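Have a look at the structure below before the remarks.
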Amino acid sequence: MEDKKIIFSGVQPSGILTIGNYLGALINWAKFQDENNCIFCVVDQHAITIKQVPAELRRRTYETLAIYIACGIDPEKCTLFVQSHVPAHAELAWILNCSTMFGELSRMTQFKDKSKRHHDNINAGLFTYPVLMAADILLYQTDLVPVGQDQQQHIELARDVAARFNQSYSETFKIPVGFIPKTGARVMSLQDPLKKMSKSDENVNGFVSLLDDKDTIMRKFRRAVTDSDTCVRRGEGKDGINNLMSIYSCFTGKTDEETEKEFDGRGYGEFKEAVGIACAEGLAPIQEKFKELMNDKAYLEGVMRKGAEEANRMARKTLSKVYRKVGFVGL
Ligand code: AQP
């Protein structure tokens, strides 16, 4: 049992999860759950770095948890919890803030992107977001963090901060490693294939939400921005088609060669149709399970409660070690 690896990851309840969140992160989480100690969190404290409507945040927290379970993450095998139910995250983040340099945080591309997108609300939380994320990961002595490509820089920061803390105060944190999938690590917007697909994109045609119905999914793929070529083949400058080919591969398991052969002599229109169908079929069972779960709030709250107890126990252990190391008086 002792050689089981600890896996930690989370998603912000800042919108309905997209196929980017699913293919970049969630789809891999379930693969780890039989062999490892998996801890998956709904990171509501991260979500408020961008303005949220409180009632929507509350609803989306339930929805995100329900989506985790609907995607096959089993609460009997994993610890599933909500970040704000475990105060140690915010507490450790404060300590780590004091071991993180302003310059390091200034280099984070997500901060730069989000401050551009939300220029009227460049708050300190948005700036220190990666420190809270480091706390999330380090509290559980995590070995592996399955995330999409966009989080790689934040994982690097978590590693640097952990190593620095260990060096200053003696061995305290395990140094985590990021797990980034080969396909699906960076699903791009359907409207701007140079931009990452994001659940909070103001252009709803840019993303496919996990809860979109079949007609909506088909419409979004039909409208997907491509290029003036007609040949379904990967290539430079064919970002839209490259993206659709990755999505198709994730949902069907087909290689690029197989896809190119399948659509040889057929146009983009037919290919978009096929991607839409594959996606809608892949999401249908998740949507069905999701609906069932959302009708049983008591069950979801039971999962949250049990998860919070387990997570609090693990997190407290690391936090008290940290408090001792930095010289806080324990009573
Ligand atoms: N487009 C994507 N392709 C692959 N993976 C992605 N992830 C997000 N977008 C893509 C992965 O999903 C996990 C959870 O992300 P998050 O919600 O914590 O934050 P995010 O990366 O900022 O995701 P969004 O959808 O872009 O959220 P908003 O719009 O609220 O900022 C992470 O593992 C992430 O890599």
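Just follow the structure's listing: the first ligand is 1, and inside any ligand the first atom is 1. What you see is a predicted model; the values in this text were computed from it and never measured.
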Using non-hydrogen atoms of the residue, decide whether A47 is closer than 4.0 angstrom to ligand 1. no

Evaluate the salt bridge (charged side-chain N to carboxylate O under 4.0 Å, His left out) criterion for residues K77 and E35: first the C-alpha distance (whole Å), next the side-chain angles of each, then the deciding distance (0.1 Å), finally the verdict. CA-CA 10 Å; K77 293 180 185 165; E35 312 282 325; over 6 Å; no

Hey, does M188 come in under 3.5 Å of ligand 1, counting only N/O atoms on both sides? no

When only distance counts, is V147 in polar contact with ligand 1, meaning an N/O pair under 3.5 Å? no

For the aromatic rings, using the six-membered ring if either is Trp, is the centroid distance between F263 and Y268 under 6.0 Å? no

Would you say the ring centers of H89 and F81 fall short of 6.0 Å from each other? yes

Walk me through whether E309 and R305 qualify under salt bridge (charged side-chain N to carboxylate O under 4.0 Å, His left out). CA-CA 6 Å; E309 268 169 34; R305 205 165 286 118; over 6 Å; no

Between I7 and V147, is there a shared hydrophobic cluster once you connect ILVMFWY residues whose side-chain heavy atoms come closer than 4.5 Å? no

Between S200 and R117, do the side chains contain an N or O donor and an N or O acceptor separated by less than 3.5 Å? yes

Minimum-distance protein heavy atom relative to atom 30 (O) of ligand 1: S14 OG, 2.6 Å

Identity and separation of the nearest protein heavy atom to atom 19 (O) of ligand 1: Q12 NE2, 3.1 Å

Of the listed options (K196, H118, M197), which comes nearest to atom 20 (P) of ligand 1 when hydrogens are ignored and any heavy atom counts? K196

Nearest non-hydrogen protein atom, atom 32 (C) of ligand 1: Q151 CG, 3.8 Å

Compute the shortest N/O to N/O distance between S9 and ligand 1 and return yes if it is under 3.5 Å, no if not. no

Quick check: F40 with F8 (ring centres under 6.0 Å apart)? no

Could you work out, for atom 31 (O) of ligand 1, the closest of R117, K114, K199 by heavy-atom distance? K114

Is H46 touching ligand 1 with its side chain, its backbone, both, or neither, if touching means heavy atoms under 4.0 Å apart? neither

Atom 1 (N) of ligand 1: the protein heavy-atom neighbour that sits closest, reported with distance to 0.1 Å: V187 O, 2.7 Å

Nearest protein heavy atom to atom 5 (N) of ligand 1, by residue and atom, and its distance? G20 O, 3.1 Å

Any donor-acceptor N or O pair under 3.5 Å, side chains S14, Q52: no

Would you check, one step at a time, whether the test salt bridge (charged side-chain N to carboxylate O under 4.0 Å, His left out) holds for K174 with D143? CA-CA 7 Å; K174 199 179 274 177; D143 292 286; 3.2 Å; yes

Side-chain H-bond candidate by donor/acceptor type, T128 with N97, under 3.5 Å: no

Judging by distance only, is a nitrogen or oxygen of D150 under 3.5 angstrom from one on ligand 1? yes

Out of all atoms in ligand 1, which are within 4.0 Å of some heavy atom of A185? Include the element for each. 3 (N), 4 (C), 5 (N)

Polar contacts were defined as any N/O atom of the residue lying under 3.5 Å from an N/O atom of the ligand; does this apply to N21 and ligand 1? yes

Using heavy atoms and a 4.0 Å limit, tell me yes or no: is G10 in contact with ligand 1? yes

Please write down residue, atom name and distance for the protein heavy atom closest to atom 14 (C) of ligand 1. V11 CG2, 3.5 Å

For S200, the atoms of ligand 1 under 4.0 Å from one of its heavy atoms are 28 (P), 29 (O), 30 (O), 31 (O)

Show the numbers, then the answer: is there a salt bridge (charged side-chain N to carboxylate O under 4.0 Å, His left out) between K254 and E262? CA-CA 10 Å; K254 290 180 186 166; E262 185 180 355; 3.0 Å; yes

Answer yes or no: does an N/O atom from S198 fall short of 3.5 Å to an N/O atom of ligand 1? yes

